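Structure record follows, encoded as structure tokens.
All values reported here derive from a predicted model rather than from experimental measurement.
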Amino acid sequence: MNSNAARNVIENLSWDEVSRRIAEGAAAILPIGAAAKQHGFHLPMKTDRVQAEWLAAEIAGRVDALIWPTVAYGYYPAFVEYAGSASLSAPVFESLVREIAAGIVGFGCRALFVLDTGISTIAPVDRAIAGLNNPNVLHLKIYDGPRYRRATERLVEQGHGSHADELETSLMLAMAPHLVDMVRAEASPVLQRETPGPLTPSDTASPNYSRSGSFGDPTLATLAKGDVLLAAMVEDTLAAVESFLTCQATQTVEPNTTPRRHRVAP
């Protein structure tokens, strides 16, 4: 992380510097990204955290925003059979996010962006934010933007996928190529039918069996695909942030110009 990006990370600052930045109008970013979640043989357990922190730094570099420490544990029940993978229960994760977010908005930040790199985390984070009843909080779901969706439809070659697959591996090749070991990339078995449920490295009869932990085909990943996907993701995320801040700026309360009517005593 360069020195310019580091100045937006609150753990690098003193508390009075954080206070000053908030008073000057800085927004806040709360990244959510697992650091203990399997991502196949070819990606590290911290893949989600890497993505969350990369995107948070990119946003904070474009708008005035402070980055809070990443929430590195969450609701990831699909991966717990793989060694080292951790998952909180949905209620505990929801409460964790709500309490952290409440503390952040309590400092007076003009906006809070909860940057979510997960899929199973979306519903609990939505509930956590709804529980705050605060219009200045926005849930950023990084895979939901229209540009990113169009890019995936244009580029994808795999028959199925959603985890440590062609798309996620391509993104990592663009973000952090030194963390990707394409030699070890291994596709999950061809799907006969898509069945909801956790992945398993041991039950070969399960429709969700994956020896490596990938769900999809990471061997099809390329840097060229990753560059396109990442550019689309950044554009989507920044568009959502800038639109939110613009709406905030225009939602000012008009002064009451109606003249008072004085009641005349009978």
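Ion pairing between a basic and an acidic side chain is recognised when a charged N comes within 4.0 Å of a carboxylate O; D236 and R149 show no such pairing. A salt bridge links K141 to D126: one of the charged nitrogens lies within less than 4.0 Å of a carboxylate oxygen. R62 has no carboxylate O lying under 4.0 Å from a charged side-chain N of E242, or vice versa, which leaves the two without a salt bridge. In this structure, E24 pairs ionically with R20, as a charged nitrogen and a carboxylate oxygen lie closer than 4.0 Å.
Listed by chain and number, the residues in a salt bridge (charged side-chain N to carboxylate O under 4.0 Å, His left out) with D116 amount to none (sequence neighbours excluded). Partners of Y76 under the ring pair (Phe, Tyr, Trp, His ring centres under 6.0 Å) rule, at least two apart in sequence or in another chain, do not exist in this structure. Contacts of Q38 classified as side chain to side chain donor-acceptor pair (under 3.5 Å), with partners at least two apart in sequence or in another chain: none. Remark: Y82 pairs with no residue by the ring pair (Phe, Tyr, Trp, His ring centres under 6.0 Å) rule, at least two apart or across chains. A search for ring pair (Phe, Tyr, Trp, His ring centres under 6.0 Å) contacts involving F93 returns nothing, not counting sequence neighbours. Checked against ring pair (Phe, Tyr, Trp, His ring centres under 6.0 Å), H42 has no partners two or more places apart in sequence or in another chain.
Between H163 and F79, the distance separating the two ring centers is shorter than 6.0 angstrom.
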Next on the checklist: Could you go through E94 and R98, starting from their C-alpha distance and side-chain angles, then the distance that decides it, and tell me whether this counts as salt bridge (charged side-chain N to carboxylate O under 4.0 Å, His left out)?
Outcome noted: CA-CA 6 Å; E94 179 184 333; R98 184 171 58 250; 3.4 Å; yes

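In this structure, the side chains of I22 and L66 come closer than 4.5 Å at one or more pairs of heavy atoms.
A 6.0 Å sphere centred on OH of Y75 holds no more than 12 heavy atoms belonging to other residues, nucleotides or ligands. The number of heavy-atom neighbours closer than 6.0 Å to CZ of F41, taken from other residues, nucleotides and ligands shown, is above 12.
One hydrophobic cluster, built from ILVMFWY side chains closer than 4.5 Å, holds both V18 and I100.
Aromatic ring orientation, Y143 versus Y148: tilted (interplanar angle from 30° to 60°).
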